[in-house]
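First the structure, in the form of structure tokens, and then the observations on it.
For clarity, every value in this text was computed on a predicted model and none was experimentally measured.
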Amino acid sequence: MKTIKPATYESWAKRAEKELGERPLAELEKDYGGTKVRPVYFAGDVPEGAPVESPGAAPFTRGIRASMYANRAWTIRQYAGFSTARESNEFYRKNLAAGQKGLSVAFDLATHRGYDSDHPRVKGDVGKAGVAIDTIEDMKVLFEAIPLDKMSVSMTMNGAVIPVMAMFIAAAEEMGVSASELSGTIQNDILKEFMVRNTYIYPPVPSMRIVGDVIAYCAEHMPKFNSISISGYHMHEAGATSVQELAYTLADGMEYVRAAKARGLDIDAFAGRLSFFFGIGMNFFLEIAKLRAARQMWAGIMKDLGAKQPRSLMLRTHCQTSGVSLTEQDPHNNIIRTTIEAMASVLGGTQSLHTNSFDEAIALPTDFSARIARNTQLILAHETGVADVVDPLGGSYYIEALTAELVAGAGALIEEVEKTGGMTKAVSKGTPKMAIEEAAAKRQARIDLGEDVIVGVNRFRLEEEAPLDTRQIDNDKVREEQVARLAEIRRTRSEARVSEALSGLKQYAAMNEGNLLEAAIVAAKARATLGEISSALEEIFDRHRAAPKIISGVYDNAYEGDPEYLELQKRIKKFTSAYDRAPSIFIAKMGQDGHDRGAKIIATAFADMGFVVHFGALFETAGEVADHVSEMGVDAVGVSSLAAGHKTLVPELIAQMRRLGLDDIPVVVGGVIPEGDYQFLFDAGVAEIFGPGTNVLQAAFSVLNRIEGRLSNK
């Protein structure tokens, strides 16, 4: 019998080079954000010592349970929340009846940032992109007729984690469910807020104390509740590479474990209740390998930190399909994208999953789109057979090699973070934030140049888009309802009891003693509002204000020699010569939306092209932006909107600019804006609207045309 010689990359390359002719073999290789991928893998590419463990055994590369989905499917946990607590409750109950297995609550941005619905800074944010929660009474309505002793509840909350958790625990108690019976997860991951999402309230150091207090309280009183969900998802959505998402997420986890240990907690007493949250994008095999690598690395990290129990070494994770991969153009393609990402999550071994709705690049999901998103998971679980075999891709040359490469790359990046003194110090310096923003800008430049193909956006575009029904939230109506409820609470409560509870909370904060969550529960029961509890802590800790920084050079490098780019720069130089200055733009983020990826990419690109770019602080009001525009004398204003506040905030900005005599300065708007809202914004005075998928270079030409047109008419 003839012995077959084992294939190698070198032997394959000889055959491939003949097929390629004059094209270099390197053309077949890919770079996935620093992770190099070859077109073929062999047994020799799997590193020596690669894990060959059984599923359910450390380091859990193949899954945290021996039988995985063959015994029990992942939890279908759709993330939702909008308008009032009453409307969100109806939505939850409908979805639970249709097969959803757990709740995942989205709060509005006013709640995230610690403001009551009647605060002047949140006029455009109440009930948008999440549910408004002001008091314990709102929390009771949110979970009405939902058995909290049986239903797992996940809450995405970080900045205002103390009042939200306090109201959840207190509301459950008043509904007959003790804290010890509650199951679910609170995100409580503040470090990533300083890196990417920006819904922080307090500075990093006191914020870390809050994280520790929540972990400590849950360890003592809530044995079935996960006290933290360490999130890479928001890094993923902000543009992080897979290596960055892995490294920074696990490094955050290390920091939280150390913070809990510093409080005297035994690592094995709380480690089993830590959980993770990863974003899943369109690079199918890379995302599968990312989850396998995360489990393998976390087991080693926890062992090094002193964990001894097997459960303490397990990385349990929720996953969510990518929002940034969704497109406004030809949006039904998003159903396919979400299906592919959901499949990757399952093959990677997630414990629970949220699938995005196809219309979320445009507006909040409708009941119709949410049903398709939920049914995507049901079909995967019941019709495809993917749940029947544990780790079905384990042993694949490619998957094993890719997993090992991600482990090595992320491990090296964690070492860099450790050398700076850990993630709290790295975050304070802004190093991870700038690295992620650079990766995001590079990705966008590749899309704009057509190097990364997005079907329906930069290739295979429809000539005409069909209209799409979207969910509309009447922000003014929701705010009026919430303000009325707040007024009634304040009218009927005992002010003396509220004052006493808030004084006790402030004393704990000032003296660095006691548990802040414990004190906040007392305040919540007394009917203190979310804003009052947050303000009490703010008096002691202060409110964090970040200084925006813009990277440079990414677009210059990507577009080197491009004729259109050179033409734009030529026009800007001509403008500069004619007016003795470069064209200038103020880029604004109004309201409480902290997602600044799009705004930062525009700022980076426009600055490279030759514009003078002024980047405003996050969370400004329309009046504050108008004052900046007046002081700086800019030629245009760009507004970034991702959280559905555009119909309130943009007209208010234009009115404020008109008041200051600045109504001839063009205002352009970009972000997640339903096409049905375009005419409303144009009627309000908006000059240009740039939806998701807009080519940045084309946007720059449009803005320059507007600026030149304005000056020529003077």
Side-chain angles (χ1 to χ4, degrees), residues 107 110-122 133-139 155 157-171 173-174 179 186 188 190-191 193-194 199-222 227-228 259-260 262-265 424 486-487 489-545 592 619:
F107 297 97
T111 304
H112 272 287
R113 294 271 294 144
Y115 293 117
D116 288 331
S117 296
D118 58 357
H119 196 285
R121 299 197 77 87
V122 299
I133 297 293
D134 291 313
T135 71
I136 184 177
E137 295 299 333
D138 288 333
M139 196 69 83
M155 294 183 289
M157 178 51 62
N158 302 282
V161 65
I162 288 291
V164 165
M165 272 294 281
M167 289 175 186
F168 174 62
I169 293 165
E173 187 176 310
E174 292 188 7
I186 185 74
N188 193 29
I190 200 62
L191 288 174
E193 298 296 326
F194 295 107
T199 53
Y200 44 69
I201 301 177
Y202 317 108
V205 173
S207 293
M208 285 297 291
R209 178 194 168 184
I210 287 170
V211 170
D213 277 8
V214 172
I215 292 173
Y217 185 91
C218 291
E220 184 176 353
H221 302 287
M222 303 175 74
S227 55
I228 191 167
R263 301 173 61 86
L265 292 175
T424 303
L486 270 167
I489 290 288
R490 290 184 177 124
R491 187 184 69 79
T492 57
R493 71 188 184 181
S494 165
E495 291 299 328
R497 190 176 163 210
V498 170
S499 179
E500 182 181 0
L502 292 176
S503 293
L505 178 63
K506 284 191 281 190
Q507 184 177 352
Y508 274 13
M511 301 298 289
N512 197 24
E513 62 182 25
N515 189 293
L516 296 174
L517 177 53
E518 199 169 272
I521 291 170
V522 175
K525 288 178 179 177
R527 271 47 185 176
T529 70
L530 176 133
E532 289 167 342
I533 294 172
S534 296
S535 293
L537 295 175
E538 187 180 337
E539 283 183 39
I540 308 302
F541 296 149
D542 200 8
R543 184 171 279 264
H544 180 69
R545 290 166 180 82
Q592 300 306 306
F619 316 123

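- Ion pairing between a basic and an acidic side chain is recognised when a charged N comes within 4.0 Å of a carboxylate O; Glu174 and Lys525 show no such pairing.
- Between the side chain of Asn515 and the main chain of Leu517, a donor-acceptor pair closer than 3.5 Å is present.
- Of all heavy-atom pairs spanning Val122 and Ser117, the tightest one is CG2-O, 4.0 Å.
- Closest approach of Ala536 to Leu502, counting heavy atoms only: CB-CD2, 4.3 Å.
- Between Ile228 and Val214 there is no side-chain heavy-atom pair separated by less than 4.5 Å.
- Contact check on Asp134 versus Arg490 returns no salt bridge, with no Lys/Arg side-chain nitrogen under 4.0 Å from an Asp/Glu carboxylate oxygen.
- Under the 4.5 Å side-chain criterion, counting only non-hydrogen atoms from C-beta, Cys218 is in contact with Met165.
- For the pair Ser227 and Tyr217, the minimum side-chain heavy-atom distance is 4.5 Å or more.
- When all heavy atoms of Ser534 and Pro163 are compared, the closest pair comes out as OG-CG, 3.7 Å.
- The backbone N or O of Arg543 lies less than 3.5 Å from a partner atom in the side chain of Arg545, making a donor-acceptor pair.
- The side-chain heavy atoms of Ile169 and Met222, taken from C-beta on, include a pair separated by under 4.5 Å.
- The side chain to side chain contact (heavy atoms under 4.5 Å, CB included) with Met157 is formed by just one residue from the set Thr199, Ile186, Ile133; it is Ile186.
- Remark: Glu495 does not engage Arg497 in a salt bridge, criterion side-chain N to carboxylate O under 4.0 Å.
- Between Phe619 and Tyr200, the two ring planes are perpendicular [angle over 60°; tilted spans 30° to 60°].
- Minimum interatomic distance between Ile136 and Ala170 (heavy atoms only, all atoms of both residues): CD1-CB, 3.6 Å.
- Between Glu193 and Ile190 there is a side-chain heavy-atom pair separated by less than 4.5 Å.
- Using a 4.5 Å cut-off on side-chain heavy atoms (C-beta onward), Ile540 and Tyr202 make no contact.
- Without hydrogens or angle criteria, Arg209 side chain to Ala509 main chain gives a donor-acceptor distance under 3.5 Å.
- Note that the CD atom of Glu500 and the CG atom of Leu505 stand 13.0 Å from one another [nearest 0.5 Å].
- Closest approach of Ala216 to Arg263, counting heavy atoms only: CB-NE, 3.9 Å.
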